[in-house]
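Structure, as structure tokens:
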Amino acid sequence: MNKSQIGNLLLVFFLGLMAGAVAGVVIDRLLGTSFLSKFLFESPVSFELYIIKVEFQLTPASIIGLVASGYLALKKG
């Protein structure tokens, strides 16, 4: 794998996380449950870089999106 392929793969993983999280919230609202949008950690994981602070939470839906996007990206090649 060269650098451009790794960058594209990381982008696909990130977009899969986001798509899974959004789909999980929509499905939970339609079904009236809160299983797919339940946080897996008590507090968000955060990275602080001088003036920028990034925090994120994982949900079961985002992990499903990550696995699905990874499967499709690696299957297609």
Side-chain angles (χ1 to χ4, degrees):
M1 285 186 123
N2 59 21
K3 289 183 182 182
S4 67
Q5 289 175 333
I6 292 172
N8 288 340
L9 186 62
L10 290 177
L11 179 64
V12 167
F13 284 158
F14 178 73
L15 292 175
L17 278 171
M18 295 298 121
V22 169
V25 168
V26 170
I27 291 171
D28 276 349
R29 296 254 172 117
L30 288 174
L31 298 177
T33 63
S34 65
F35 174 72
L36 291 175
S37 58
K38 186 176 182 182
F39 293 140
L40 295 179
F41 302 122
E42 291 180 12
S43 63
V45 176
S46 64
F47 300 106
E48 203 165 326
L49 305 169
Y50 298 106
I51 60 171
I52 299 172
K53 185 176 183 179
V54 178
E55 296 183 345
F56 65 93
Q57 272 281 10
L58 287 178
T59 63
S62 63
I63 292 177
I64 291 170
L66 175 70
V67 170
S69 66
Y71 173 76
L72 292 174
L74 296 176
K75 180 182 170 190
K76 295 260 180 183

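Residue numbers run from 1 in the order of the sequence given.
Linking ILVMFWY residues whenever their side-chain heavy atoms come closer than 4.5 Å, directly or via other members, places L10 and L66 in the same cluster. Placement of V54 and V45 in two distinct hydrophobic clusters is found when ILVMFWY residues are connected by side-chain heavy-atom separations under 4.5 Å, directly or transitively. Hydrophobic clustering, with ILVMFWY side chains joined whenever heavy atoms are under 4.5 angstrom apart, groups F41 together with F47. Tracing side-chain contacts under 4.5 Å through hydrophobic residues (I, L, V, M, F, W, Y), one reaches I27 starting from I64; they form part of the same cluster.
P60 and K38 make their closest contact through CD-O, 3.1 Å (heavy atoms, listed as atom of the first residue, atom of the second, distance). Counting all heavy atoms, side chain and backbone alike, L9 lies closest to A73 at CD1-CB, 3.9 Å. Shortest non-hydrogen contact noted between S69 and G16 is OG-CA, 3.5 Å. Taking both residues in full, the closest heavy atoms of A61 and G24 are given as CB-CA, 3.5 Å, listed atom of the first, atom of the second, then distance. The nearest pair of heavy atoms linking Q57 to S43 is NE2-C, 3.4 Å.
In this structure, the separation between CD1 on I63 and CG on L40 is 5.0 Å, given to the nearest 0.5 Å. The structure places CD1 of I6 at 14.0 Å from CG of L11, a figure rounded to the nearest 0.5 Å.
Listed by chain and number, the residues in a side chain to side chain contact (heavy atoms under 4.5 Å, CB included) with E48 are K53 (sequence neighbours excluded). Taking the side-chain hydrogen bond (donor to acceptor under 3.5 Å, both in side chains) definition, one finds that T33 meets it with D28, sequence neighbours left out.
Of the residues V22, L58, V12, the one that meets the side chain to side chain contact (heavy atoms under 4.5 Å, CB included) test with L17 is L58.
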